[in-house]
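Single-structure report; data block below.
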Number of protein chains: 2
Amino acid sequence: MPRTVDREEQRRHIGTALLRLVSERGLDEVSVRTVAAAAGRSPGAVQKYFRTKEEMLAFAAELAGEHVERRMAGVDTSLPPRRALRALILTTLPVDAERRAEATAQLAFAVHAAHHPRLAAIRRQVDEDVRQALAAWLEAAGHGAHATAVADAVIALSDGLALRMLYAPQEHEHLLTVLDHALDALLPAPPAMG
Amino acid sequence: MPRTVDREEQRRHIGTALLRLVSERGLDEVSVRTVAAAAGRSPGAVQKYFRTKEEMLAFAAELAGEHVERRMAGVDTSLPPRRALRALILTTLPVDAERRAEATAQLAFAVHAAHHPRLAAIRRQVDEDVRQALAAWLEAAGHGAHATAVADAVIALSDGLALRMLYAPQEHEHLLTVLDHALDALLPAPPAMG
DNA sequence: CTCTTTGAGATACAGTCGTATTCTAAAGCG
DNA sequence: CGCTTTAGAATACGACTGTATCTCAAAGAG
């Protein structure tokens with residue numbers, strides 16, 4: 001077995017380049033060749049790690065999902081509930097360059113998934129994970145009633161806000177106040193003692 | 001001036017075919033040739049009405065926006081407030097084949113707009129119109145406080161729910177209950193007298 | 001009628017697409 | 001050392017892309 005290399009790391013390298021490309025130029029600028037160039041590889045090399053473009057996209061979609069889940073897991077959930085929830089949501093919103101890139105990719109994949117079952121399955125799994133995490137945290141924070149319904153509403157709200165922020169960056173600030181207003185409404189009064 | 005034809009009607013005919021194509025096969029199946037085929041025209045004929053593909057996409061995006069606004073304008077807003085608001089939102093959700101097609105196209109254009117300024121401008125205008133309509137109605141229904149913030153939250157929520165319904169149709173019913181729960185939370189108690 | 005302008009289709013072109021195949025060089029194993 | 005397997009680049013292929021150009025039939029204006 002000569003000249004062996006960490007295949008998974010190479011795949012992540014290429015997948016990361018693909019995500020960057022999606023966020024910077026859009027999903028329809030993604031081709032085997034452009035991804036290879038963005039990854040500093042030859043098109044032939046990319047083919048060694050992904051037999052088809054669809055396989056490459058699926059891998060990148062999973063990678064993007066992992067990024068979101070990791071980022072959410074890194075939030076300090078011992079903060080005051082309302083503040084923690086806001087922090088959790090902000091991890092999915094395009095508030096800085098890195099998050100903007102991730103949000104762009106997520107939404108591009110989501111729309112793409114409407115016509116590609118394999119991507120749809122990945123998206124559903126990511127949604128499910130995020131929903132569980134949010135619901136679990138909501139219950140722990142004392143908002144047990146309708147926790148999953150609130151979690152799903154929060155997810156939908158976040159996606160909608162993120163989507164609009166992408167093509168209307170001028171409204172960024174305003175949309176953050178919309179988020180706060182909606183969260184105030186969505187969460188029943190905190191369990192006393194601010 | 002021989003052999004004249006209603007150019008605007010032809011453009012709408014082609015634009016409608018484009019929207020159908022987007023909803024059925026996705027935005028990246030849209031090409032001058034596939035649109036021509038879907039419209040029952042030759043590629044050359046399509047070129048007579050749209051000098052470039054981008055122009056064709058922009059026209060279709062405006063057309064889709066008009067569809068949504070027309071549909072919302074058709075809602076009987078004299079219904080009980082909560083019911084009317086629900087009806088307004090349902091016009092943007094993929095609850096039947098026709099609305100599913102429109103929602104699919106809207107979201108595809110929205111994501112596309114993240115990298116195409118011309119489409120972004122169209123989307124922002126549609127959002128603005130919908131926001132104004134919603135806010136005006138909210139005020140008339142006695143929810144004057146934070147009317148535009150609520151309107152924007154409702155828009156984001158709708159977009160997020162619609163997006164998810166597209167790749168997770170299994171969750172359709174559940175997401176409608178999420179919508180109801182969120183609306184209950186978003187609207188302050190109705191101005192007495194149910 | 002003829003002339004002229006238009007709609008509409010056909011064709012041409014250079015470029016890109018996804019993918020299959022072929023090549024070169026390098027590195028671990030015996 | 002040589003052998004063999006691999007990484008990676010290069011190339012080839014047919015299909016499709018957006019757009020420019022050409023041809024031809026049809027229809028109003030004179």
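Proteins come first, then strands; the chains are lettered A, B, ... in the order of their sequence lines, and each starts at number 1. Since the model is a prediction, treat every value here as computed from it, not as a measurement.
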Protein-nucleotide distance ([X], atom [atom1]; [N], atom [atom2]), rounded to Å:
X       : N      : atom1 : atom2 : value
A:Lys53 : C:dA20 : NZ    : C1'   : 17 Å
A:Leu21 : C:dC17 : CG    : P     : 10 Å
B:Leu18 : D:dG18 : CG    : P     : 11 Å
A:Leu57 : C:dC17 : CG    : P     : 13 Å

Open item on the list: Under a 3.5 Å threshold, yes or no: a donor from one side chain and an acceptor from the other, between A:Asp6 and A:Gln10?
Closed with: no
TODO: Name the closest nucleotide to the A:Gln47 side chain, picking from D:dG8, D:dA10, D:dT19.
DONE: D:dA10
Task: Residue B:Lys48, side-chain heavy atoms: nucleotide from C:dA8, C:dT19, D:dA7 that is nearest - done: C:dA8
Task: Test ring pair (Phe, Tyr, Trp, His ring centres under 6.0 Å) applied to B:Tyr49 - qualifying residues, sequence neighbours left out - done: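 Expected list: none.
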Single-linkage hydrophobic cluster [X]~[Y], side-chain heavy atoms < 4.5 angstrom:
X        : Y        : value
B:Phe50  : B:Leu27  : yes
A:Tyr167 : B:Ile155 : no
A:Val22  : A:Val46  : yes

Task: Strand-adjacent residues in residues 26-44 of chain A, judged by heavy atoms under 4.0 Å from DNA chain C - done: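 A:Val30, A:Ser31, A:Val32, A:Arg33, in order of number.
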Open item on the list: On the nucleotide D:dA20, are OP1 or OP2 found under 4.0 Å from the side-chain N or O atoms that B:Arg51 carries?
Closed with: no
Open item on the list: Need one value for A:Tyr49: base, sugar-phosphate or nothing, where a base atom within 4.0 Å counts as base even if backbone is also close, heavy atoms only.
Closed with: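 A:Tyr49: backbone/sugar contact only, no base atoms under 4.0 Å.
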TODO: Test A:Asp127 against every option in A:Arg123, A:Arg124, A:Arg131 by the salt bridge (charged side-chain N to carboxylate O under 4.0 Å, His left out) rule and name the one that passes.
DONE: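 Per the salt bridge (charged side-chain N to carboxylate O under 4.0 Å, His left out) rule, the option paired with A:Asp127 is A:Arg123, out of A:Arg123, A:Arg124, A:Arg131.
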